[in-house]
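Contents: one structure, followed by commentary.
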Amino acid sequence: MSNCYEYSLKPPSTAEIVSTFGDSDLPSKLYRAPYYAVESDAPDHPREYAGLVYHLRGGDGLDTLDEWTSASAEESLDIIPNYDKASGSESNIWGWQYAASPPSVRQVRRWLTERGKRKRQTKPKDPSQIDGPTQANPYGMRPTLNPQNVPSVRQEGNMEVLAIEVFAPSITGKLPDPAADEVVVVFWSIYDSDSQNINQHFSSLCQAGIIAVNKQELNSRKIRGWSLDVVDTELELLNRVVDIVQDLDPDIIVGWDVQTSSLGYLDARAKSYDFNLAEQLSRAPGRTTNGGTDQWGAQTTTTFKIVGRHVLNLWRVIRAEQNFTTYTFEYTVFQILRKRTPHYSPHTLTSWYYSSVPEHVSRLLRYFTDRTSMVLEIIDVAQIVTKTAEFARIFGVDFFSVLSRGSQFKVESFMFRIAKPESFVLLSPSRQDVGRQNAAECMPLIMEPLSAFYNSPLLVLDFQSLYPSVMIAYNYCYSTCIGRVVDFKGQNKFGVTELHQPPGLLEKLKDHVNVAPNGMVYVKPEVRKGLLARMLTELLDTRVMVKQAMKVTKDDKALQRVLDARQLGLKFIANVTYGYTSATFSGRMPAVEIADSIVQSGRETLEKAIRVIDSTKKWGAKVVYGDTDSVFVYLIGKTKEQAFRIGQDIADTITAMNPAPVKLKFEKVYLPCVLLAKKRYVGFKFENPDDKEPVFDAKGIETVRRDGVPAQQKMVETCLKILFRTQDLSRVKEYCCDSWSRMLENRISPQDFIFAKEVKMGTYSDKVPPPPGVAVAARRMVEDSGYEPQYGERVPYVIIRGKPLERLVDRAVAPEEVLNDSHKYIDASYYISRVLIPPLERIFNLVGADVRSWYDDMPKALRADQPDAYLLSPRKVLDYVDLANRVNIDGHFLASRCLTCSEPTSYGVCMDCRTDEQPTIARLLVKVGKTESKLKNVHTVCSSCSGNPRYRTHPM
DNA sequence: CATTTATCCTAT
DNA sequence: TTAGATAGGATAAATG
């Protein structure tokens, strides 16, 4: 390790744990925490802080230790092992010290008795790496932040990742139920997440195996690259899994879904043998952190935890990282690995397992081995481990906290590293204190846009990191505020506390203060540079350095990835620091007054910029929209080239008007563009003057939202493109009418009409009908008790034709139902009237077209048998009930014609054709072939047309 | 027919 | 125990 601040992200090995804590007294929680503080005024729940122990009193049995009630911060530090008070170094705490959270009474006692006896193991210090400010390092930043000081690729920093998937046949054909269905095969694969590996072929880095319960057909089937291990019983199989985990000793265990399959299923099975899997797999034998209900884990990461190893629930990791319309394994594989993978129902898999055809068994094994290695491949391609590890280093928190904890924890951890050398102690308000804060009074500026179609260049400029810049420029911080200009309600409240400044302070400092627009007074940097300003300056500067480093190391792919992750981590902290001050609901140390100062200053900065732009004659510009930190400037009658010049001029002028580092950046030119509403606009984007082809760029509208259907996204985008390219409304109309008639004739792919929205079971009000996705999921739960959507899972559904006035919820069904039930039809008129027309109407109203009339005026022949409930009043709909019923009956007959000879029948293939087998089969095969090639064609056309892989159909 | 409530998802 | 913020648009369905 190159410097003393380097610490590993890997959990400790069993040997290390035992050598640190001894066999008999392992801490209950081995996740590495930097160090802990016990707060003084929340006796019920001492809260851990990534920082100093500054008071040790009350709470968690510690109240028996009377002598500590009056302990000063200085004294308290002594009880932390290896804390070197003289130098302020905590090097060993950052090393392999693992702390329980919070320290037990026993642990504190032991620290007490061992104090003094303990031999300190501080490493010799390199002067450039001392925490305190030096000339080279004026703010005493951790060397970790300096890209030059950190070896970008560590010799032993890589982690071993083990993927586990399991197969349990289910007799019922439903999802396997851990209470009844035994696990018969376990698949595992391990790889080394070293970022140096990117040039090697992925499969060459893996080692993999299958553990199967003895079965004749299975024993003879081999999969290349996978060792086969045969056992006699399920219990033996579980023991083999434990052996393998202990033997390979991975740092991370992963499954696509570790709650209901993979490890979660194994754990549930293990319970029936009274066998604690988590305990067996752990690195601290006999320890587990599981038990009880862990709602938080279930909703964010995983409830299954193993002491000493990280358990990743891959779908949740992906959900947090990527914006997908669904998070099925198949869809994720397609999006990330760019390949297709089939999905088989538990019923099919089970039938393969019991099949006597050897091919079936092979197929089953192949399916799962592929799945297991793809889990690792996703982790590799999406850079999950390396990215998370880099974030952990930047934030100064442990690996798992990067995934499991919120932004406050990370800001705090980072802030503390700046606060400590300054001898600042963060206060720790109680929930009540936080709740008693004043209400926020300031709001960002969001202009009402001049909604229109803009045919001349529209400039977009935004202030780069406005809030962090404001904090730096005006020195807004906890540590620089000296109160209000005028007392509020007779009090001088500041955040969660009361300010008691010495009398005469303001007089003394009156030439050295900034007064924020909300009436708070802050000292200028020459008096004291604020903690937040200091931290943000470092963050932004370091980020610039990292970005520069990226430019000069273009050839080193591994390094690029690390640097990119580092840059993103820095950006993250800078962006959420404002949020930390304004976290009024759950805040750990919020201060509304600071948040208000920032917001109001930001607002005034923007307002001033707008005034200047509007009033500067030479630009001939008009501000038509602005949101928080951005301005949209219309340059009527100017060319694209002029626009780029003026844009740069505006940016420079406004930047020069503002204190550093506030900077207005010229972002892009839209030509043409549509402003629809606040936070909703779309245009053809040019980022450079010499860009030839514009990029379709939309914000807030249906094309970028995930609560519509693919057809809606495609149609809105295509119509907009036609409008932008040709400005010919008749072409748009032609396209729309064409699409609608195809829908009415049912010449559509159901794929394009699937909604998929998040479902959060257990959070819904029972006063109103549930959202459609919830109703669909609930119905499926009745059918298959094993099925319960995970918290936040996106449940797909389509809307089918139903009786008029039937509620939408009752017409929402799972997509498979439409495919499997010939009486169910996608409700084309619902989709047209309620899903497709409204967004188009909003857009084309602005150019004077009436989209709905296009539909109303369409040749009605096609729609004669479908009264359109959405065009009628509810009363009139009732008149149509009879007709609708007839239509339904008619539809029934129409759909039920023999597939080969077209004679009416209700059996798919009529009895006559059934008896005449050979020609029927031949005809059916021809039909299947034709239909398949048709479908393939459609897919090709579809994807080539949209050009966006996101809209390509995928296996469900 | 307008307003309110519940829900979802996005912009900044 | 955990948990950045607010503003805003949109739909469905109940309510006044």
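Remember, predicted model here, so these are calculated numbers, not experimental data. The sequence lines fix the lettering, A, B, ..., with proteins before strands; numbering per chain opens at 1.
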Test A/F395 against A/F572 for ring-ring contact (aromatic ring centres under 6.0 Å, His included), laying out the working first.
CA-CA 9 Å; A/F395 304 157; A/F572 176 88; 5.4 Å; yes
If you check every side-chain atom of A/P771, which of C/dG4, B/dC8, B/dA11 has the closest atom?
B/dC8
Side-chain atoms of A/E758 come closest, of B/dC9, C/dG8, C/dG4, to B/dC9
Short side-chain N/O contact from A/R834 to OP1 or OP2 of C/dA12, under 4.0 Å
yes
Roughly, in whole Å, what's the span from CD in A/E841 to P in C/dG9?
17 Å
Across the strands shown, which category fits A/T628 at heavy-atom distances under 4.0 angstrom: base, sugar-phosphate, nothing?
sugar-phosphate
For a quick test of reading the model: is some side-chain N or O of A/Y681 closer than 4.0 Å to OP1 or OP2 of C/dG9?
no
Below 4.0 Å: OP1/OP2 of B/dT10 and any side-chain N or O of A/R706
yes
Ring centroid separation A/Y797 to A/F755 under 6.0 Å:
yes
Derivation of the salt bridge (charged side-chain N to carboxylate O under 4.0 Å, His left out) call for A/K668 and A/D697
CA-CA 11 Å; A/K668 57 199 169 190; A/D697 189 38; 3.2 Å; yes
Return the value, rounded to whole Å, for the distance between atom CD of A/Q712 and atom C1' of C/dG9.
13 Å
The side chain of A/T584 lies closest to which of these nucleotides: C/dA5, C/dA12, C/dA10?
C/dA5
Identify whether any heavy atom of A/F755 sits under 4.0 Å from a base atom; if not, whether one sits that close to sugar-phosphate; answer base, sugar-phosphate or nothing.
nothing
So, for A/Y454 and A/Y670, is the gap between ring centers shorter than 6.0 Å?
no
Answer yes or no: does a side-chain N or O of A/R405 lie under 4.0 Å from OP1 or OP2 of C/dA3?
yes
C/dA13, C/dA10, C/dT2: which one has an atom nearest the side-chain heavy atoms of A/R842?
C/dA10
Using only side-chain N and O atoms of A/Y830, determine if any of them is under 4.0 Å from OP1 or OP2 of C/dT11.
no
Comparing nearest nucleotides in DNA chain C, the 5'-proximal residue of the pair A/S404, A/K767 is A/S404
note: A/D629, atom CG; B/dA11, atom P; distance rounded to Å ~ 14 Å
A/K678 vs C/dG8: side-chain N/O to OP1/OP2 distance below 4.0 Å
yes
Ignoring hydrogens and geometry beyond distance, is the side chain of A/R705 in donor-acceptor contact with the base of B/dC9 at under 3.5 Å?
yes
Could you give the CE-to-P distance, from A/M447 to C/dG8, as a whole number of Å?
13 Å
Would you check if the side chain of A/Q600 reaches a backbone N or O of A/S597 as a donor-acceptor pair within less than 3.5 Å?
no
Please name the nucleotide paired to C/dG4 by Watson-Crick or G-U wobble geometry with both distances under 3.5 Å, or report none.
none
Using the side-chain hydrogen bond (donor to acceptor under 3.5 Å, both in side chains) rule, take A/S630 and A/D627 through it: C-alpha gap first, then chi angles, then the decisive distance, then the call.
CA-CA 5 Å; A/S630 62; A/D627 182 349; 5.8 Å; no
When we call it a touch if two heavy atoms are under 4.0 Å apart, what does A/V599 touch: a base, just sugar-phosphate, or nothing?
nothing
Nearest-nucleotide check on DNA chain C, A/P444 vs A/S586; residue mapping nearer the 5' end is A/S586
Taking atom P of C/dT11 as reference, at what distance in whole Å does atom CZ of A/R811 sit?
16 Å
Is the phosphate of C/dA10 approached by A/R680 (side-chain N or O, under 4.0 Å from OP1 or OP2)?
yes
Could you tell me how far apart A/M443 (CE) and C/dG8 (C1') are, to the nearest whole angstrom?
11 Å
Looking at the side chain of A/V704, which of C/dA5, B/dT10, B/dA6 is the nearest nucleotide?
B/dT10
Please test A/K685 against A/E667 for salt bridge (charged side-chain N to carboxylate O under 4.0 Å, His left out), starting from the C-alpha separation and ending with a verdict.
CA-CA 10 Å; A/K685 174 179 82 173; A/E667 196 63 22; over 6 Å; no
What is the distance, to the nearest angstrom, from the CZ atom on A/F632 to the C1' atom on B/dT12?
11 Å
With a 4.0 Å cut-off on heavy atoms, is A/V576 in touch with a base, just the backbone sugar-phosphate, or nothing at all?
nothing
So what does A/P770 touch, heavy atoms closer than 4.0 Å: a base, only the sugar-phosphate, or nothing?
nothing
To the nearest angstrom, the CD-C1' distance between A/E593 and C/dA5 comes to 16 Å
Mind checking if A/Y578 touches a base, just sugar-phosphate, or nothing, with heavy atoms under 4.0 Å?
base
